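This structure is a prediction, so every number in the text was calculated from the model and none was measured. Residue numbers begin at 1 in each chain, while the letters A, B, ... track the order of the sequences.
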Amino acid sequence: MTAEHRPERIRALIGEYAAEFRKTALPMHDGEVAVEDVVRSLDLELLRFSLPQEFNDTPLMIGSDPLYVRRISESVIVQEELSWGDAGLMLAMPWASLAAFVIDQMAGPEIRESHYSRLANNAEWTYFAVTEPEHGSDPVSMETTLSRDDEGWVINGTKRYVGQGHRGTTGLVFCRREGTSGPMGLEVVLVGSETAGFTSAPLQTIGLRGAGLSELNYDSVRVPDDHVLGQQGKSTRRGLFGASHTFDMLRPGVGAMALGVARAAYDYVRAERRALRAEEEASMESIRQRILGTRSLIAAAARAVDAGKPSGPLSSAAKLEAVRLAEDATVEALRLLGPCARLEHPLLDKFRRDAQGFEYMEGMTDIQRQNAAQGYLTNRFWTAPTGLHP
Amino acid sequence: MTRTAIPIDHFRTSRLTAIESGLESALERLALEFPPASTVGHRSRAMLPESLLKRVTDADPTGAYPTDTGELLLAEAALGDADPSWRLGVAWIRIGAVERLNRRATDRLTRRRVGKSATITLPLVRATVGDIAAWLGEALALLEAAADDGEPPAALVERDIDRALRATWKLFGASGYIVDAPSNLAQALSILGEVYSIETGGEL
Ligand SMILES: Cc1cc2nc3c(=O)[nH]c(=O)nc-3n(C[C@H](O)[C@H](O)[C@H](O)COP(=O)(O)OP(=O)(O)OC[C@H]3O[C@@H](n4cnc5c(N)ncnc54)[C@H](O)[C@@H]3O)c2cc1C
């Protein structure tokens with residue numbers, strides 16, 4: 001396969017899976033089928049798709065070529081396509097958790113090996129817990145503590161709105177090391193869900209039901225030494241500070257999912273409304289152009305990551321534009337389908353609800369606006385590999 | 001199409017009822033001046049508190065929408081013809097209910113903190129509240145002006161209310177994405193806006 005045609009071929013292959021995703025989108029949203037059952041019924045190739053080559057002996061195939069997707073500029077294509085099918089199910093994919101990427105970057109070889117081996121053999125979920133009932137956009141103020149007594153490390157606290165929290169067999173928990181302040185005192189700890197003192201409960205959301213938002217409680221949960229990640233590394237590569245580089249790398253993916261939902265709403269209107277008034281056609285054309293523009297911005301941010309020069313501000317801009325587009329496209333689609341569209345077009349109603357959810361993931365729009373501004377003003381917005389550097 | 005003549009003060013008090021007491025009480029108050037058939041909306045649907053729904057249909061509800069103060073039921077109703085005055089009244093009530101939701105959101109952000117500051121003091125949060133105030137203000141001014149000038153520009157009024165609703169909803173952060181009192185009220189307001197929309201776009 002030539003490098004030139006690879007993106008289109010990935011899009012075409014994953015598009016077939018996306019059409020399958022669409023079939024269970026509404027039943028899963030309505031609670032008629034369990035998320036876990038839908039995920040476990042999927043092809044193993046798709047469940048394993050983002051595993052490193054050494055853990056994946058059944059890769060997706062494009063013709064006779066195995067497809068190992070480890071580059072962000074390719075994974076955003078997959079995320080966009082699958083979210084076109086069903087963003088909820090996309091988020092329910094065990095590999096979709098940020099945790100996998102942080103483990104990849106920050107854990108020692110043994111933990112990494114055991115994590116990927118489990119993912120390769122089972123549809124198992126891992127969660128990533130930062131948000132607390134009182135602290136969302138302001139994670140540095142988090143109150144979950146990591147303390148040390150004679151027997152080792154102990155976690156106490158509560159997390160809320162954590163994706164896959166109640167499904168996860170393990171999770172990464174961000175906590176403040178007792179007696180510290182500021183971002184450097186925040187550690188990331190791997191916790192098994194069987195550990196005594198850990199409890200979880202699902203939260204019902206208005207959309208993105210596959211995301212499995214949950215509340216998690218840690219009541220004197222004990223963790224072994226090597227589960228506090230990144231202890232050997234430099235302090236700037238540890239904890240929340242270290243993980244923030246991962247956020248910059250993965251934020252284009254959240255944008256890609258929002259873009260997939262925007263496209264789904266656009267296509268829905270095209271299929272349902274054959275004739276449009278001139279004003280309506282102009283509005284649809286504007287959405288179509290924004291889909292192309294947002295896709296280009298996401299691709300630029302992803303290219304920078306792949307070239308080893310991620311631009312956090314550019315990633316923020318990509319997510320920001322995608323979330324705005326998803327909102328506008330779904331709102332406009334409902335308008336174009338006339339009064340009572342939410343009642344008469346339940347799939348479109350689901351797209352609208354799903355689109356709302358992306359606002360909160362990986363930082364709200366106003367936070368992204370500030371990130372983009374800060375990067376732009378300090379000349380860190382364009383990084384050379386985007387091809388956009390002035 | 002029936003158009004019931006309504007004094008503007010009745011709309012004004014219905015909005016204030018929505019702010020103070022919630023959607024059900026506001027719709028009940030609005031209905032005092034309307035015959036039952038007027039309370040049926042587009043596509044023969046009615047979305048009302050149970051007490052009012054009984055007046056227009058015996059059919060089983062097809063949906064129940066909890067709010068922060070009670071519940072609205074949705075049902076098909078044979079009689080009725082989407083009386084424009086009733087729909088105008090619902091627009092007034094929706095403005096009031098968004099204001100009610102906004103009070104709840106901003107009270108919450110007064111108690112929440114980012115570092116040492118209350119979240120409500122952050123410039124971008126205040127800017128959002130300013131936008132919401134401007135959209136609601138414009139919608140209200142247009143509805144007031146319609147009392148003298150006839151029809152309000154329906155698309156603009158709807159757009160203003162919907163933008164204000166969406167922006168208010170986001171102020172709740174993820175707590176507004178969980179099924180709970182704020183998202184219930186917001187969701188009910190969104191569907192109510194569809195059933196009794198004053199704008200009637202759609203199929204050619
Ligand atoms: C679908 C979904 C999946 C999620 N997955 C996870 C997960 O896997 N793990 C996890 O830990 N969390 C997860 N979250 C939670 C998410 O990270 C938080 O919702 C987000 O950080 C916002 O925090 P908050 O909800 O507490 O809102 P707040 O931070 O309380 O924000 C409330 C309002 O204040 C505004 N605001 C707050 N601070 C600022 C500021 N500095 N500048 C300008 N405006 C500000 C916000 O824009 C918002 O309008 C998820 C949420 C959703 C909806």
Side-chain angles (χ1 to χ4, degrees), chain A residues 131 133-141 160-163 202-209 211 213-215 272-277 279-280 323 327-328 330-332 334-345 349 352-361 364-367 369-370 373, chain B residues 41-45 47 62-63 65 74 76 82 87 108-109 111-117 119 122-128 155 158-159 162-163 165-167 169-180 182-184 186-187 190-204:
Chain A
T131 311
E134 294 303 321
H135 307 284
S137 304
D138 178 30
V140 174
S141 304
R160 193 183 285 168
Y161 314 121
V162 174
L203 298 166
Q204 200 191 343
T205 48
I206 61 166
L208 292 179
R209 299 212 162 125
L213 257 56
S214 312
E215 175 159 314
E272 291 285 322
R273 291 279 315 266
R274 299 284 168 189
L276 292 168
R277 297 181 184 90
E279 163 269 320
E280 294 172 331
V323 168
E327 171 165 337
D328 292 349
T330 50
V331 166
E332 187 60 2
L334 287 167
R335 184 184 79 87
L336 292 176
L337 288 167
C340 302
R342 293 194 84 139
L343 300 169
E344 291 174 5
H345 298 273
D349 179 59
R352 175 74 207 107
R353 290 160 176 257
D354 289 351
Q356 280 177 266
F358 295 111
E359 168 69 29
Y360 312 98
M361 291 169 61
M364 298 195 60
T365 291
D366 279 347
I367 308 284
R369 291 171 75 199
Q370 292 173 83
Chain B
H42 296 296
R43 316 239 173 147
S44 302
R45 287 197 170 89
M47 185 172 176
T62 52
Y65 293 87
L74 183 78
E76 312 251 329
R87 288 186 282 124
R108 181 172 179 275
L109 294 182
R111 295 188 304 271
R112 237 170 137 73
R113 309 195 83 71
V114 170
K116 291 198 166 53
S117 321
T119 307
L122 299 175
L124 279 179
V125 172
R126 296 182 83 79
T128 300
E158 294 285 5
R159 197 188 68 160
D162 287 338
R163 286 168 101 181
L165 172 60
R166 291 199 300 275
W169 202 337
K170 286 180 202 165
L171 288 176
F172 285 94
S175 74
Y177 202 62
I178 299 299
V179 175
D180 201 356
S183 67
N184 282 340
Q187 198 69 24
S190 172
I191 309 278
L192 195 69
E194 294 215 334
V195 173
Y196 299 112
S197 154
I198 53 174
E199 190 194 6
T200 48
E203 282 302 340
L204 280 178

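For chain A, no part of B/Arg111 is nearby; none of its heavy atoms comes within less than 4.5 Å. When heavy atoms are compared at a cutoff of 4.5 Å, B/Thr62 does not approach chain A at all. In this structure, chain A has a heavy atom under 4.5 Å from the side chain of B/Leu74, while its backbone stays farther away.
Using a cut-off of 4.0 Å between Lys/Arg side-chain N and Asp/Glu carboxylate O, B/Glu158 and A/Arg335 are scored as not salt-bridged.
Of all heavy-atom pairs between B/Tyr177 and A/Arg353, the closest is OH-O, 2.8 Å. The shortest heavy-atom contact between B/Arg43 and A/Cys340 is CG-SG, 4.3 Å. Closest heavy-atom contact between B/Gly115 and A/Ser141: N-OG, 3.9 Å. Closest heavy-atom contact between A/Gly136 and B/Arg112: N-NH2, 3.8 Å.
When only modelled atom types and interatomic distance are considered, A/Arg342 and B/Ser190 share a side-chain donor-acceptor pair under 3.5 Å.
Rounding to the nearest 0.5 Å places CG of A/Leu343 at 5.0 Å from CD1 of B/Ile191. Separation of atoms CZ (B/Arg113) and CD (A/Glu134) is listed at 11.0 Å; rounding is to 0.5 Å. B/Asn184 contributes atom CG, which lies 9.5 Å from atom CD1 of A/Ile206 (distance to the nearest 0.5 angstrom). Rounding to the nearest 0.5 Å places CZ of A/Arg369 at 5.5 Å from CG of B/Leu124. Atom CD of B/Gln187 and atom CG of A/Asp349 lie 6.5 Å apart (nearest 0.5 Å).
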- Item | side chain to side chain contact (heavy atoms under 4.5 Å, CB included) assessment of A/Asp366 paired with B/Val125 | CA-CA 8 Å; A/Asp366 279 347; B/Val125 172; 5.7 Å; no
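Counting heavy-atom pairs closer than 4.5 Å to chain B, the top-ranked of the candidates A/Gln370, A/Glu344, A/Arg160 is A/Glu344. Looking only at heavy-atom pairs under 4.5 Å with chain A, the residue among B/Thr128, B/Val179, B/Thr119, B/Leu122 that has the most is B/Val179. Here A/Val331 is the residue among A/Val331, A/Leu203, A/Leu334 with the most heavy-atom pairs under 4.5 Å with chain B.
Between the side chain of A/Glu359 and the main chain of B/Lys170, no donor-acceptor pair closer than 3.5 Å is present.
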